[in-house]
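Let me begin by presenting the structure, written as structure tokens, before commenting on it.
From a predicted model like this one, the values you see are computed outputs, not experimental measurements. Throughout, numbering of the chain's residues begins at 1 and tracks the sequence.
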Amino acid sequence: MKACLFCTRPTNYYEEKGPFNNEFIVDCLDCGKYYVTSMAKNKLNRDSRQRIATLLLERKLKGLGPIAIFNDFPEDLSGVSNDFRITKVDELEKTFPVNVSERISRTLANLVAVSEYPGASINVIEQRKNLFFTQSEEISEVFFIMNQLIDDGYISGHAGFPSTLSVTVKGWNKVSDYEENVKNKSNQAFVAMWFSADMEKAYESSIKKAIEDAGYLSVRIDKKEHNNKIDDEIIAEIQDSKFVIADFTGGRGGVYFEAGYAMGLGKPVIWMVKEDDLVNIHFDTRQYSHIVWKDEEDLYSKLYNRIRATIS
């Protein structure tokens with residue numbers, strides 16, 4: 001058996017592939033099943049591997065599917081199974097929480113997820129340090145988070161390896177409140193589409209109206225004032241959105257990337273395309289159920305109903 005490329009624990013399955021110059025499919029007990037290219041892997045240092053290991057473990061504990069990690073988003077994904085959600089290694093790293101309080105809350109959520117039942121003991125060894133949202137591989141940072149959770153009364157036990165921890169009633173309630181806040185925090189929908197004069201009417205009279213009538217805020221990056229790099233703004237807005245609407249009319253590459261990135265985060269994506277452009281959709285995304293619309297009135301009706309039916 002070989003070691004997981006992120007958490008380094010032995011894997012059940014390991015295979016090298018070929019279309020993108022040395023790829024790896026790994027099925028790890030902690031990180032889940034993932035596909036990563038050698039170029040993406042080679043960009044990582046020890047600390048970034050640790051951060052991604054924690055993000056992948058969190059995905060697995062949440063029941064999210066396999067993920068494919070690239071250095072740059074490829075135009076041709078025929079060598080990657082449709083089961084995999086697509087993302088870039090840089091963008092995956094950007095989803096790691098910078099705020100210490102969020103890292104502590106998400107660590108506590110991980111501990112709840114691995115608890116067999118309320119009050120159950122959790123045996124923690126150094127090889128499971130990816131349960132803890134640490135920015136580095138330093139063990140002292142793990143112990144800092146352990147001590148903080150103990151001091152706050154969210155877990156019982158002692159900070160160290162090996163250790164037996166248990167999430168307290170206060171901790172279970174904290175996770176419940178945190179997850180409810182996260183669920184209700186965002187009321188915005190990110191719109192990825194072709195910014196053309198032809199599509200402007202469709203956006204204003206149909207897409208934006210359907211989103212707002214369904215009770216959400218429509219966010220389109222060219223409509224937002226900002227001082228940051230536009231790609232950073234796109235990533236931040238998708239992360240902050242409850243779901244993404246991706247219209248592939250015009251075949252813009254950025255729309256494919258934004259939809260793939262949202263899927264990598266586990267966010268719902270509503271796929272759309274104008275009827276006369278359906279034939280031009282990339283075959284890698286054809287399996288997803290697209291809203292195929294004829295005109296603005298048809299688009300509004302179908303999108304509004306899809307949002308109400310699929311976004312809770």
Side-chain angles (χ1 to χ4, degrees), residues 73 75 77 82 85-88 91 182-312:
F73 194 73
E75 293 184 2
L77 292 171
N82 292 328
R85 302 299 182 244
I86 311 300
T87 191
K88 290 171 59 177
E91 309 314 333
V182 169
K183 180 179 178 181
N184 297 329
K185 180 181 179 181
S186 177
N187 71 333
Q188 77 176 33
F190 183 87
V191 179
M193 62 180 293
W194 183 23
F195 301 153
S196 71
D198 292 339
M199 290 293 292
E200 190 62 23
K201 183 180 178 182
Y203 174 74
E204 291 292 341
S205 65
S206 303
I207 299 174
K208 182 180 179 183
K209 186 175 188 302
I211 293 170
E212 292 178 347
D213 287 354
Y216 298 96
L217 173 68
S218 176
V219 173
R220 204 174 86 175
I221 200 65
D222 68 322
K223 301 289 186 181
K224 182 175 182 290
E225 294 183 3
H226 57 83
N227 296 318
N228 300 324
K229 290 167 55 182
I230 192 166
D231 55 340
D232 290 338
E233 285 296 311
I234 288 170
I235 295 304
E237 292 297 343
I238 292 175
Q239 290 176 3
D240 290 340
S241 295
K242 190 178 185 70
F243 62 101
V244 169
I245 292 172
D247 188 285
F248 294 88
T249 307
R252 314 309 293 176
V255 178
Y256 283 91
F257 168 73
E258 289 152 22
Y261 179 64
M263 293 181 73
L265 296 178
K267 294 181 181 289
V269 176
I270 295 177
W271 308 73
M272 308 192 308
V273 66
K274 195 171 184 180
E275 187 177 57
D276 55 12
D277 218 7
L278 177 61
V279 68
N280 297 318
I281 292 178
H282 197 282
F283 69 89
D284 282 321
T285 59
R286 285 179 183 272
Q287 73 273 18
Y288 298 109
S289 176
H290 286 68
I291 292 175
V292 181
W293 54 278
K294 299 177 181 179
D295 52 34
E296 284 77 22
E297 183 178 355
D298 185 44
L299 172 58
Y300 169 81
S301 175
K302 289 179 175 177
L303 178 56
Y304 175 77
N305 289 331
R306 181 70 64 88
I307 294 171
R308 293 295 302 273
T310 61
I311 307 300
S312 58

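- Between L299 and I207, the closest side-chain pair of non-hydrogen atoms falls below 4.5 Å.
- Pairing each heavy atom of I211 with each of L217, the nearest pair is CG2-C, 3.9 Å.
- Checked by atom type and distance alone, the side chain of D277 pairs as donor or acceptor with a backbone atom of G250 at under 3.5 Å.
- For K302, the side-chain hydrogen bond (donor to acceptor under 3.5 Å, both in side chains) partners at least two apart in sequence or on another chain are D298.
- When all heavy atoms of W293 and T249 are compared, the pair lying nearest together is CZ2-OG1, 3.9 Å.
- Of all non-hydrogen atoms in P268 and K242, the two that sit nearest each other are CD-O, 3.3 Å.
- Between the side chain of K267 and the backbone N or O of S241 there is at least one donor-acceptor pair closer than 3.5 Å.
- Looking at R252 and E258, no side-chain N of the basic residue comes within less than 4.0 Å of a carboxylate O on the acidic one, giving no salt bridge.
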Pair Y203, S218 - check side chain to side chain donor-acceptor pair (under 3.5 Å), show working. CA-CA 10 Å; Y203 174 74; S218 176; 2.9 Å; yes
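- With contacts defined as side-chain heavy-atom distances shorter than 4.5 Å, the pair R306/Y304 does not qualify.
- In this pair, F243 and Y216 present their aromatic rings perpendicular. The plane angle is above 60°, beyond the 30 to 60° band.
- Note that the CD1 atom of I311 and the CD1 atom of I245 stand 8.0 Å from one another [nearest 0.5 Å].
- L303 CG to K208 NZ: the interatomic distance, rounded to the nearest 0.5 Å, is 14.0 Å.
- To the nearest 0.5 Å, the span separating CD1 on I307 from CD1 on I270 amounts to 5.0 Å.
- Between H282 and Y256, the ring planes lie perpendicular to each other; the angle is over 60°, past the 30° to 60° tilted range.
- The minimum heavy-atom distance linking R220 with V191 is given by the pair CG-O, 3.7 Å.
- Rounding to the nearest 0.5 Å places CD of E200 at 9.5 Å from OG of S205.
- Side-chain contact between I234 and F190: present, with at least one pair of heavy atoms (C-beta onward) separated by less than 4.5 Å.
- Here the straight-line distance linking atom CG of L278 with atom NE2 of H290 works out to 8.0 Å at 0.5 Å rounding.
- Counting only heavy atoms from C-beta outward, the side chains of Y261 and Q239 approach each other to under 4.5 Å.
- One finds the CG atom of L265 at 7.5 Å from the CD1 atom of I238 (value rounded to the nearest 0.5 Å).
- Residues K274 and M199 fail the side-chain proximity criterion, which asks for heavy atoms closer than 4.5 Å.
- Remark: E297 CD is loosely packed, at most 12 non-hydrogen atoms of other residues, nucleotides or ligands lying under 6.0 Å away.
- Here the side chains of Y300 and D213 are in contact, with some heavy-atom distance below 4.5 Å.
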